[in-house]
*Asks:* 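The following block contains the structure, expressed as structure tokens.
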Amino acid sequence: MLMVRVAVENTVYHFDKDFDYAVPASLAEKAVPGCRVQVPFGTANRVCQGMILSVHEAEGNAKIKFLQAVLDEAPLLSNEMLFLIPWLKERYYCTLFDAVRLLLPAGLTYRMQSIYALAVGVTKETVQTLPPEKQAAALPLLRQSSLEKGKLLRQAGLSPDSLVLDDLCRNGILQRTMDPVRRMGDASMKMVRLHEPLPDPLKLTPRQREVFHVLQDAGCASVKEVCYFTGVTPAVIKNMTAHGVCDEYEQETYRTPYLTGECTETGEQTPIHLSPEQETAYEHLLAAYRAGEATYSLLYGVTGSGKTSVYLCLIDQVLQDGRDVILMVPEISLTPQSVHIFQQRYGKKVAVFHSGLSVGERMDEWKRVKRGEATVVVGTRSAIFAPLAHIGLIIVDEEQESTYQSESSPRYHAKEVAWFRCRYHRALLLLASATPCVETYYAAQTGKIGLETLSQRYGEAQLPEVCICDMNEELRNGNASVLSWPLLTALRENLEQKRQSILLLNRRGYNTFASCQDCGHVMTCPNCSISLTYHAANNRLMCHYCGYSVPMTAECPECHGKHLRYTGAGTQKAEEQLQELLPRARILRLDADATMSRYAYEDKLRQFADGEYDLIVGTQMVAKGLDFENVTVVGVLSADQSLYNDDFRSTERTFDLLTQVVGRAGRGRFRGRAFLQTFTPENPVFALAASQNYPAFYQQELPLRKLMLYPPFADLCVVGFVGSNEQEVRGGSMVFLQQLRQLAKTEYRQLPLRVLNPSPAHILRAGGKYRYKLLLKCRNSRLFRQMISRLLVHFAGEKKFKHVTAFADMNPDTVL
DNA sequence: AGCACGCCGACT
DNA sequence: GTCGGCGTGCTC
Ligand SMILES: [Zn+2]
Ligand SMILES: [Zn+2]
């Protein structure tokens, strides 16, 4: 009998596998791997969708059910993708169908919809004998023969999660059928504007008044934006809507400007002149690519060394061979200008993927790639799954960016997926950066992957003058403001001379660390060497990796002075101070995260470039994308929050940021100046960033990683526990730990493993749920993943903890 | 997760 | 006697 293995949509990790189905003779031709199917599943034979993973011949047995329908004419997934599915499941602890969803553009997957109709023989009279609630639910079906679940419940005036319909089905009054429906609807954003006319009298709470003013200024804005600018929660806006002060509505996200920009069919291959250094790197990489085996290299090139030219030359060659290319870039640098470089050269062969695409646009691009019309894919994280058939080269630009790993399940790492694809296609994987992540540089140093270096800045662009501002000194001189004297002076000069400046605030830090005002010593955990966090509740300093804690005192353990202070909260409100200190400056508040629509963001940047603002104040992420002729002063208001964040990567991240800032100041005609403000100027990271010396930073950081057993010398696995009852969540984490210990000392004895005690997550409560976490220093091997997988499956089956969910995340960006 | 099967209390 | 409570176990 002809059988298929199917990844079924309605599974959960703890019982997910490929399920066998028999193929009825009528579908024998159509049932091909890579096609979606409709199958009965579970005791109730609920109809759901699945994906055929493989076809085989086998004996049937009583348990086997039959495929109901094949939903695609031709397979949507290639062989490579079909291999990738179980690989994703094994590495990232997701279900097979979760993996399928990653590979298909949203909008292509169907949603199964429940359609209700009156059962045969049920009449008006039967309905009228029913109790009121049931009657209400059945009445609309006397007028319309069938209705979708949501619509029916709405018409009946019942809540969307009402169970009445199921009851009616059981009583034989209603009949339910499942229908596959295309997930429709484009990416849209919730918008809000003031209601016309406004209610009279207009009564507003202080928070509402803030929202009101923002809306008066802006006319309309996305709910997210309003929340961001005013700091209120969406509930406030909802409340105002309920009182008729404003209206909420959906708006389709703006079509991205650079996708509609015209470009020639084939593009123009203007010749590129490489410097000797670039030429060498290019030749080496080309040779590695030509060798015909999968290869993995790092292109380490200082800021402004012209990595893009090397990319373009390589891409030219790969395309000439008839093979395809993926270029991954961080969201922030996927600007119209950067995309234009590629569109100009490769014309319509370029497909662009990023998070701002509407469902329809994403689908169009996906189809163009699938049909082979686009062979160069430029995009963010999800571009790694582009359905290219003959990959020759994958480039990961700014490879240290943490956005290459997904922060929602499946928590895949795009760089790992890239390596999977390069192995499959015997292609070249090229990671590139001016500040590679320590793990990557280590792999290059130890010869695990190739290394090419570009050490010269292109043209005559010169490094800016860097001023490291000692904020302790400022305090002693009576300056308690957010701007040090040198920075303030520079900003005023710039205003005077009509030049522009950029200031970076820290993203609101979550931790309040303790430092000595006399010697600058920062309190760290003796076990983990990360900064300790001050907890007001018990007046202690705590380590959120291992739970170590000490009482907070005023005495510094280093210099025994009495001025140990905790900082963090209270250093906000920097923006207000800025406006006071520079009353005449036209300040542009900018944020690169999802709070602002892409359109608004590009628009604002253009206004800045046109000189409509004097100063950008942004969070740190903004730093990367900015490149303006007229900007000659760049300042980081406080590098300390980032530097002493309680995370083992905090030094690396801060070095990355500061290096970018310094590397970008003054790229135009005038020499730039960079100001780095800190309470601990003696920290070597500042001098290293000022001189753009990544190798020296690496030499300093690596021994610390080794000593403390952090990547690249160990992998860090976080097991998270979430639930609404704190006791249960805590208990769950303890039981999980016990079972882990048991397995680790018996069956998995050979695994290197160090377990840190379970502890409350950094933000214990989020969204009404309590969260705990367990940290494991391990080696991310197949065997280790098998152990974790078994534990997760077993935990999901524990009746005692059925309200607690556990998940695992390997080397996450932040440790909860 | 969802859903059926199954075994006990309070209703006609 | 039975309707319906939710404990238990399975998903090709
Ligand atoms: Zn001290
Ligand atoms: Zn610790």
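Residue numbers begin at 1 in each chain, while the letters A, B, ... track the order of the sequences. Here the structure is a predicted model, which means the values were calculated and not measured.
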*Asks:* Is it true that A:Glu726 and A:Tyr772 share a donor-acceptor pair across their side chains at a distance under 3.5 Å?
*Replies:* yes
*Asks:* Using atom types as modelled and distance alone, determine if a side-chain donor or acceptor of A:Tyr404 lies under 3.5 Å from a backbone N or O of A:Met328.
*Replies:* yes
*Asks:* Measure from OH on A:Tyr13 to P on C:dT11 and round the result to the nearest Å.
*Replies:* 19 Å
*Asks:* Ignoring hydrogens and geometry beyond distance, is a side-chain donor-acceptor pair present between A:Lys773 and A:Ser759 at under 3.5 Å?
*Replies:* yes
*Asks:* Using only heavy-atom distances, determine whether the side chains of A:Tyr92 and A:Ser409 contain a donor-acceptor pair under 3.5 Å.
*Replies:* no
*Asks:* May I ask you to check whether A:Gln786 and A:Tyr748 show a side-chain donor-acceptor distance below 3.5 Å?
*Replies:* yes
*Asks:* Would you mind reading off the distance between A:Lys65 atom NZ and C:dT11 atom C1', rounded to a whole angstrom?
*Replies:* 7 Å
*Asks:* Of all of residues 51-64 of chain A, which get a heavy atom below 4.0 angstrom from DNA chain C, listed by number?
*Replies:* A:Lys63, A:Ile64
*Asks:* Output the rounded distance in Å from CG (A:Asp20) to P (C:dC12).
*Replies:* 11 Å
*Asks:* Salt-bridge test for A:Lys367 and A:Asp364: reply yes if a basic N is under 4.0 Å from a carboxylate O, no otherwise.
*Replies:* no
*Asks:* Hey, what are the protein-to-nucleotides 1-3 of chain B N/O distances that come in under 3.5 Å?
*Replies:*
none

*Asks:* Check whether any side-chain N or O of A:Asn811 sits under 3.5 Å from a backbone N or O of A:Leu716 as a donor-acceptor pair, and report yes or no.
*Replies:* yes
*Asks:* What is the distance, to the nearest angstrom, from the OH atom on A:Tyr21 to the P atom on C:dT11?
*Replies:* 11 Å
*Asks:* Kindly confirm or rule out a cation-pi arrangement of A:Lys17 over A:Phe19, judged by NZ or CZ under 6.0 Å from the six-membered ring centre and within 45° of its axis?
*Replies:* yes
*Asks:* Over how many whole Å does the gap from A:Met1 atom CE to C:dC12 atom C1' extend?
*Replies:* 11 Å
*Asks:* Write down the distance between NZ (A:Lys17) and P (C:dC10), rounded to a whole number of angstrom.
*Replies:* 15 Å
